[in-house]
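A short worksheet on the structure shown next.
Please read all numbers here as calculations on a predicted model, not as lab measurements.
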Protein chains: 2
Amino acid sequence: MGYSVTSLGNILEKHDGPVSVPEHAYTVLKNALLEGRLSPGDTLIQEEIAASLGSSRVPIREALKRLEGEGLVVQRPRRGYVVASLNADEAEDVFDVRMLLEERAGFLATQKRTQADVDSVRKAMDEMVAIQSKGHYDSWAWGIANRAFHDRLFAPCNRPHLLRMLSQQRDLVTLYVRIGGSIAPDPETAAEDHLRIFDAYVRQDAAEVGRLSREHVHHTMTRLLAKLRDRA
Amino acid sequence: MGYSVTSLGNILEKHDGPVSVPEHAYTVLKNALLEGRLSPGDTLIQEEIAASLGSSRVPIREALKRLEGEGLVVQRPRRGYVVASLNADEAEDVFDVRMLLEERAGFLATQKRTQADVDSVRKAMDEMVAIQSKGHYDSWAWGIANRAFHDRLFAPCNRPHLLRMLSQQRDLVTLYVRIGGSIAPDPETAAEDHLRIFDAYVRQDAAEVGRLSREHVHHTMTRLLAKLRDRA
DNA sequence: CAACTGAAGAATGTATTCAATCGTTAGGTC
DNA sequence: GACCTAACGATTGAATACATTCTTCAGTTG
């Protein structure tokens, strides 16, 4: 790309570069949401965010609009943005869509997977086992590894749109799973599920991978909904 | 838009009234996209849009961000927004997700439908027949009625999130269906599909409504993809 | 004549400023 | 003392102004 360069320095900078301010704000906010530093119901004051990022409010508003599109925050006219909150019914609604997409992604990915994909998934699984077997259980590291496992499993399906939708559903769920008392998915049950999924993946039994993936999400949903409906 | 008015007049306007500028811009742009007045690849100049709506660029940018979130436009940094365009593979990706959601919505809606829902759907179907039997075929009116048919059919499922996702997929498809040479869905085949769907809906055969809905979308997809791949 | 350079014009990205609205609190009235 | 009212502070919504970058095109050079 022939950039019109005024000084030589910024050619290198462009590489991993000065992402736009809205993009940066989006990332920061989304991490805060997914890591639980912002909880459903919290109000987001534009000026605060802008100040903390050293920018004006304009690009922040764009980041918030993007998050709103993903359903993570809600705008109340003239009253600002708040972190979205779901009741049990709404959570079920989201989970239901997620199950559909996860089943489909699992099915398609299994059909198209290569041996390299199998190896990659196996590595992710090994990592999770390693984390679990450590003396002190690190739920954050486990969450990362868990995500990597599913990402790699589904990647071969080669359907950007499907994966984007799926990722969106998962983010929504992640935000709310925390409500039910910070339940990380039960690692032992999950490990068992993963093993069965992986087994079918190796055998390239696409329908089975789909079914098990769906069931896997269903487990999480059941536990969460029980908790949510308990406290209602 | 008389916005900065201190007089009393605008109190009344508020009732159904002066929605926020971004909202208005969003609606206007979306209609332009779905009605084909803007085609994939067209570039959207913020200043033009702002001028045509009598506002500044800031709220326009928010509307565009929202459209971007729905996949209808794409932002290229420092080069503005363009109407998104899909190749055949990407279109298939979108259709595939849509089929999943449509099947699910059909299934759930049929389980929960009441007699009032059946009547409402029947009315929509009658309207389509009336439009078709008219001397001159009005594809625009037909499209509206078609949408109403499906909306009413699915409404009873009572899953806002699912329906929102579904609506999004349909909008995406609507944008691209036009590429393949303005193919409206073939009304005769569609009418036949609708009759069969409605029949199963009346019998409350949920699985069948789901299956047929899926198939119905599949027909459209097949025709579109053939056209798209033809010209490639 | 093709290709590169550089400057002018246009459009985007962001900051700043102004306007309108919401929430709260102090003050008054019944 | 409770409730209503008015004004203030805080915050969002939108417009204007400024900075940066991209595109285009004329002029020049090899």
If you measure from the Lys or Arg side-chain nitrogens to the Asp or Glu carboxylate oxygens, is any gap between B/Glu92 and B/Arg229 under 4.0 Å? yes
If you round to the nearest 0.5 Å, how far is CG of B/Asn146 from CE of B/Met128? 4.0 Å
Is B/Gln75 near enough to C/dG13 that one of its side-chain N or O atoms lies under 4.0 angstrom from OP1 or OP2? yes
Over how many whole Å does the gap from A/Tyr26 atom OH to C/dG13 atom C1' extend? 20 Å
Any residue meeting side-chain contact (heavy atoms from CB on, under 4.5 Å) with A/Ser39, in chain and number order, not counting sequence neighbours: A/Asp42
What protein N or O atoms touch nucleotides 7-10 of chain C N or O atoms at under 3.5 angstrom, if any, and at what distances?
none

Is there a donor-acceptor pair under 3.5 Å between the side chain of A/Lys65 and the backbone N or O of B/Arg66? no
Expected output: side-chain B/Tyr26 to main-chain B/Val21 donor-acceptor under 3.5 Å: no
Expressed in angstrom and rounded to an integer, what is the separation of B/Glu47 atom CD from D/dT16 atom C1'? 11 Å
In terms of the angle between their ring planes, are B/His194 and B/Trp142 parallel, tilted or perpendicular, with boundaries placed at 30° and 60°? parallel
Once you round it to whole Å, what is the distance between P of D/dA10 and CD1 of A/Ile45? 12 Å
What contact category does B/Glu48 fall into here, base, sugar-phosphate, or nothing, at under 4.0 angstrom with non-hydrogen atoms? nothing
Just checking A/Gln46: base, sugar-phosphate only, or nothing, at a heavy-atom cut-off of under 4.0 Å? sugar-phosphate
Non-neighbouring partners of A/Leu100 that pass side-chain contact (heavy atoms from CB on, under 4.5 Å), sequence neighbours left out: A/Arg214, B/Leu101, B/Arg104
Does the distance from a Lys or Arg side-chain N to an Asp or Glu carboxylate O, for B/Lys30 and B/Asp171, drop under 4.0 Å? yes
Strictly below 4.0 Å, heavy-atom distances to any atom of DNA chain D: list the hits from residues 51-66 of chain A, or just say none. A/Arg57, A/Arg61
Between P on C/dA11 and CG on B/Asp42, what's the gap in Å once rounded to a whole number? 15 Å
Partner of A/Phe95 by side chain to side chain contact (heavy atoms under 4.5 Å, CB included), out of A/Leu172, A/Thr222, A/Thr220: A/Thr220
What's A/Glu23 touching, base or sugar-phosphate or nothing? Going by heavy atoms closer than 4.0 Å. nothing
Is a side-chain N or O of A/Ser167 found less than 3.5 angstrom from the main chain of A/Leu163, in a donor-acceptor match? no
What nitrogen or oxygen pairs link the protein and nucleotides 22-25 of chain C at under 3.5 Å?
{"unit_1": "C/dG23", "atom_1": "OP1", "unit_2": "A/Arg79", "atom_2": "NE", "d": "2.7"}
{"unit_1": "C/dG23", "atom_1": "OP1", "unit_2": "A/Arg79", "atom_2": "NH1", "d": "3.4"}
{"unit_1": "C/dG23", "atom_1": "OP1", "unit_2": "A/Arg79", "atom_2": "NH2", "d": "3.0"}

Which residues share a side-chain contact (heavy atoms from CB on, under 4.5 Å) with B/Ala32, sequence neighbours left out: B/Arg37, B/Leu38
